[in-house]
There are 4 protein chains.
Amino acid sequence: MGYAARMTPSRRAPDNTRRNEATRKAILNAALELVGEVGYAKLSVEGIASRAGAGKQTIYRWWPSKGAVLFDALLSLSEGPEGGPGELPDTGDLESDLRAVLRATADELNDPRYSEPMRALTVEVLVDPELAADYQQRLEEPIREVKRRRLRSAQEAGQLSSELDLDVAVEMIWGPVRNRWLHRDGPLTGEYVDVVVRTALDGLRAPDTPEGATEGREDVGAPGGTG
Amino acid sequence: MGYAARMTPSRRAPDNTRRNEATRKAILNAALELVGEVGYAKLSVEGIASRAGAGKQTIYRWWPSKGAVLFDALLSLSEGPEGGPGELPDTGDLESDLRAVLRATADELNDPRYSEPMRALTVEVLVDPELAADYQQRLEEPIREVKRRRLRSAQEAGQLSSELDLDVAVEMIWGPVRNRWLHRDGPLTGEYVDVVVRTALDGLRAPDTPEGATEGREDVGAPGGTG
Amino acid sequence: MGYAARMTPSRRAPDNTRRNEATRKAILNAALELVGEVGYAKLSVEGIASRAGAGKQTIYRWWPSKGAVLFDALLSLSEGPEGGPGELPDTGDLESDLRAVLRATADELNDPRYSEPMRALTVEVLVDPELAADYQQRLEEPIREVKRRRLRSAQEAGQLSSELDLDVAVEMIWGPVRNRWLHRDGPLTGEYVDVVVRTALDGLRAPDTPEGATEGREDVGAPGGTG
Amino acid sequence: MGYAARMTPSRRAPDNTRRNEATRKAILNAALELVGEVGYAKLSVEGIASRAGAGKQTIYRWWPSKGAVLFDALLSLSEGPEGGPGELPDTGDLESDLRAVLRATADELNDPRYSEPMRALTVEVLVDPELAADYQQRLEEPIREVKRRRLRSAQEAGQLSSELDLDVAVEMIWGPVRNRWLHRDGPLTGEYVDVVVRTALDGLRAPDTPEGATEGREDVGAPGGTG
DNA sequence: TGATAATCGAGACGGTACGTCGTGTCTTGCG
DNA sequence: CGCAAGACACGACGTACCGTCTCGATTATCA
């Protein structure tokens, strides 16, 4: 399950069968621990190796960069027994489903144990296009597909506009939360999540009311039948 | 106008009056040139100093990190003769104003001369909270205020919902464009901009159609069956 | 009394009349203190200036090197009210006179307050031929002349060989003491002094005794009349 | 045979077996060349490393200071195939043996190729007590022992006083030559060597002439009157 | 069941850059 | 002007990591 294992064999594919699994785990753990303790900027291959009780060469043999190590480390975290990312809840009430999902996400992002390595990886991906491709393919896209699926379901239920670009829609809903986390420009609270979901769904425009029904907005909630 | 000048005097604030302005500019220029040539990862204080014909100490005297240098360099780029960031166009037609502004932004972000240093700085800000605070205060916030102002104007004209959280609204409109640029997850085209603006304004929901489709919207009405 | 004042006017002789005497003394004192505290290797112009409350330029204006400062500092120490180094005792008993003088010298060299700066200066002189010339002329030679004078007196009294090269003789007597101090290859004790004096005077050869009178050597002391 | 190899393992003794011998020699050579070209004051670890095509760390790994490098470099010069410093000639004629040895020494000291690095090292030893201990033990003392041995032989042959302190005797003979070299206070000629040897052996005193001038001595007998 | 071949730990190596210190020169403003 | 203060270009310091490269010493297939 190492990084290099799934890469196109760039130089010389080491014989993966002989690989020492215990060492691999030790390295991944060390990477996670260290990124939490000293931050990504001060994370070093040498540090990981020494913490893991491994030789530097062992790391360079299997991973092309410290970003790749961190990537695998995070994957090994999030990968439960099964492979995929599971499905989003679909109770029929889109808005409350989204609220629930995003609040859970927010909780995760507020937990430094997960958040710090994740931020580190994200930053590394921004900087290293090599890594970015793999990241998009193996982490980002599967998750995005799950999100799209949930939205498509709502769309088919007539709750979302049929002409919607689902990728834009995903961005509208999840983007603000990720941004607030990544750029640290405010606390990631449940209230924020709620406002984002509501605003994304309803849009920014004033309701098209000849006779101002501003307060009526409070209960724009998906009407049972049509929703 | 240097970085340190606006910092809280943490250790020993150097006497800014004695500062050599020519050297300061040379350093800023060198930083910009180099980040364009070799990228941020390979940008070094040593390189900047040597390119600028300055001593390293001179850089360390006035800036705490290469990120701070780059920050000032980018500020000095965007700072025209006057100080502030100007005002957004306000023709009364919010949607087309936003389209124009965002397309201009997209053009800028598609120009590597501006884009690469900007991405570098953005990433550095993600990694260095020290820098982040200053960045928020001196670049992000003023610009965001301008955006809020334009939206508030639309709000007062009754075009936007009166109960809107303007920060969330700004995020809805500008966030997706910034993200597509920063994360490189797609081309930053005029079409994308248009879709984003439209979607943000109208929201994701299907129009509660039966009677009277909302005006100004190309009504493609979700076909009943699939909904 | 500054160093430069007596130098050949190499570059541009500053106007000595305007010189601030208090500052000069402060600098000399600072140099002495610092060389005692941190050693010569870590002595710096910057350190001297800061300790003296003087500007660096003030030092560079009046001295060509930190060695020169230290030189003047030591001169100002040893220079009592009168100028010259005085005369060596001449009781008529050369051996005991030498013993007394050398034991006093040894005491001085065992005192770190004097010894450390002195060692520093000596080393600097070994390294800087520029400084060495001045040193020879202003410190070494006058003192050597005094020593020669005492030996010449003994020579004229028939106590020393008339064909003696007095410079070699001075070296024989004072050299070993200076060396033991400078090279730290043993303790500088009164016993050592005594042995040196005795050995230098008597030479290394076995006494020319057909009938071995080894023990008689104890009282080779200068015979009253001829001594 | 590196410096660290013989040091007490102060911090972390690097594994000497893994050491790259070619690099070690390159460093030593570079140090010797450079000290000859630019002098000790301008000798820098950086310069040695670059000249040797080595990394600075490689130098710091094995030597604690540039003085230590120079030390090893000089040792590697003087160390012929065998280890020790050989034996002094012993023809039975002490005086002419000493003359020969000292004239050879003087020649060596007059050759800048050997003399300049040697002076540099000597000065460094004066300044760095850390280095001094090793220096005494590895260079000074073995050589001194050889000298003592020759003198002891003469002593046993009855040519030198039996109660002589051999260390003082060595100092009497070799000290003046070393000093004239180190302090540059005169040319180091064969004549000087001869005078020193003669004077050291015979002592400074006037021969207690009246009856029987010591044989082997050009008797210029101090004329009674002036004595 | 050894021979053989890879991985592994350890860590030396040539490099690049770090951030700091000191040099000697130059500039500013006070007395 | 001398002077305190200190910015400046420069050079070197000693350290941290980089990524590559041996070294034995384990493993772990395959002959």
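Here is how names work: the chains are called A, B, and so on, in the same order as the sequence lines, proteins then strands, and each is numbered from 1. Atoms considered below: every heavy atom in the structure, side chains included; atoms not considered: hydrogens, waters and symmetry mates.
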Item to check | Protein-nucleotide distance (B/Ile59, atom CD1; E/dA17, atom P), rounded to Å | outcome: 13 Å
Checklist entry - Can you name the closest pair of heavy atoms from D/Gly67 and D/Leu121 and give their distance? => result O-CD1, 4.0 Å
Check the interface with nucleotides 19-24 of chain E: list each N/O to N/O pair with the protein under 3.5 Å, or write none.
from: E/dG19; atom 1: OP2; to: B/Tyr60; atom 2: OH; distance (Å): 2.3
from: E/dG19; atom 1: O5'; to: B/Tyr60; atom 2: OH; distance (Å): 3.4
from: E/dG19; atom 1: N7; to: B/Lys56; atom 2: NZ; distance (Å): 2.7
from: E/dG19; atom 1: O6; to: B/Lys56; atom 2: NZ; distance (Å): 2.6
from: E/dC21; atom 1: N4; to: B/Gln57; atom 2: NE2; distance (Å): 2.9
from: E/dT23; atom 1: OP1; to: C/Val45; atom 2: N; distance (Å): 3.0
from: E/dT23; atom 1: OP2; to: C/Val45; atom 2: N; distance (Å): 3.3
from: E/dT23; atom 1: OP2; to: C/Glu46; atom 2: N; distance (Å): 3.1
from: E/dG24; atom 1: OP2; to: C/Tyr60; atom 2: OH; distance (Å): 2.6
from: E/dG24; atom 1: N7; to: C/Lys56; atom 2: NZ; distance (Å): 3.0
from: E/dG24; atom 1: O6; to: C/Lys56; atom 2: NZ; distance (Å): 2.6

Checklist outcome for this item: The reported gap from CD in A/Glu33 to CG in A/Leu28 (rounded to nearest 0.5 angstrom) is 11.0 Å
Next on the checklist: Using every non-hydrogen atom in the two residues, find where D/Lys66 and D/Leu43 come nearest and quote the distance to one decimal.
Outcome noted: NZ-O, 2.9 Å
Close N/O contacts between protein and nucleotides 28-31 of chain E (under 3.5 Å):
from: E/dT28; atom 1: O4'; to: B/Arg18; atom 2: NH1; distance (Å): 3.2
from: E/dT28; atom 1: O2; to: B/Arg18; atom 2: NH1; distance (Å): 3.2
from: E/dT28; atom 1: O2; to: B/Arg18; atom 2: NH2; distance (Å): 3.3

Checklist entry - In terms of the nearest nucleotide of DNA chain F, which residue is placed more toward the 5' end: B/Thr58 or C/Gly53? => result C/Gly53
Checklist outcome for this item: D/Glu21 CD to F/dC21 P, in whole Å, measures 22 Å
Item to check | Minimum heavy-atom distance between D/Arg138 and D/Asp72, given as atom pair plus value | outcome: NH2-OD1, 3.3 Å
Item to check | Selected nucleotide, minimal atom distance to B/Ala54 side chain, candidates E/dC13, F/dG2, F/dA9 | outcome: F/dA9
Checklist entry - Can you tell me how far P of F/dA5 sits from CG of C/Asn20, to the nearest Å? => result 13 Å
Item to check | Rounded distance (Å) that lies between atom P of E/dG15 and atom CD1 of D/Ile27 | outcome: 12 Å
Checklist outcome for this item: Here the distance between atom C1' of E/dA10 and atom CZ of D/Arg19, to the nearest Å, is 18 Å
Item to check | Rounded distance (Å) that lies between atom C1' of F/dC18 and atom CD1 of A/Ile48 | outcome: 13 Å
Item to check | Nearest-angstrom distance from the residue atom CG of B/Leu34 to P of E/dA17 | outcome: 11 Å
Item to check | Heavy-atom pair of closest approach, residues A/Ile48 and A/Ile27 | outcome: CG2-O, 3.7 Å
Next on the checklist: If you compare all heavy atoms of A/Ala73 against all heavy atoms of A/Ser76, which two are closest, and at what distance to 0.1 Å?
Outcome noted: O-OG, 2.8 Å
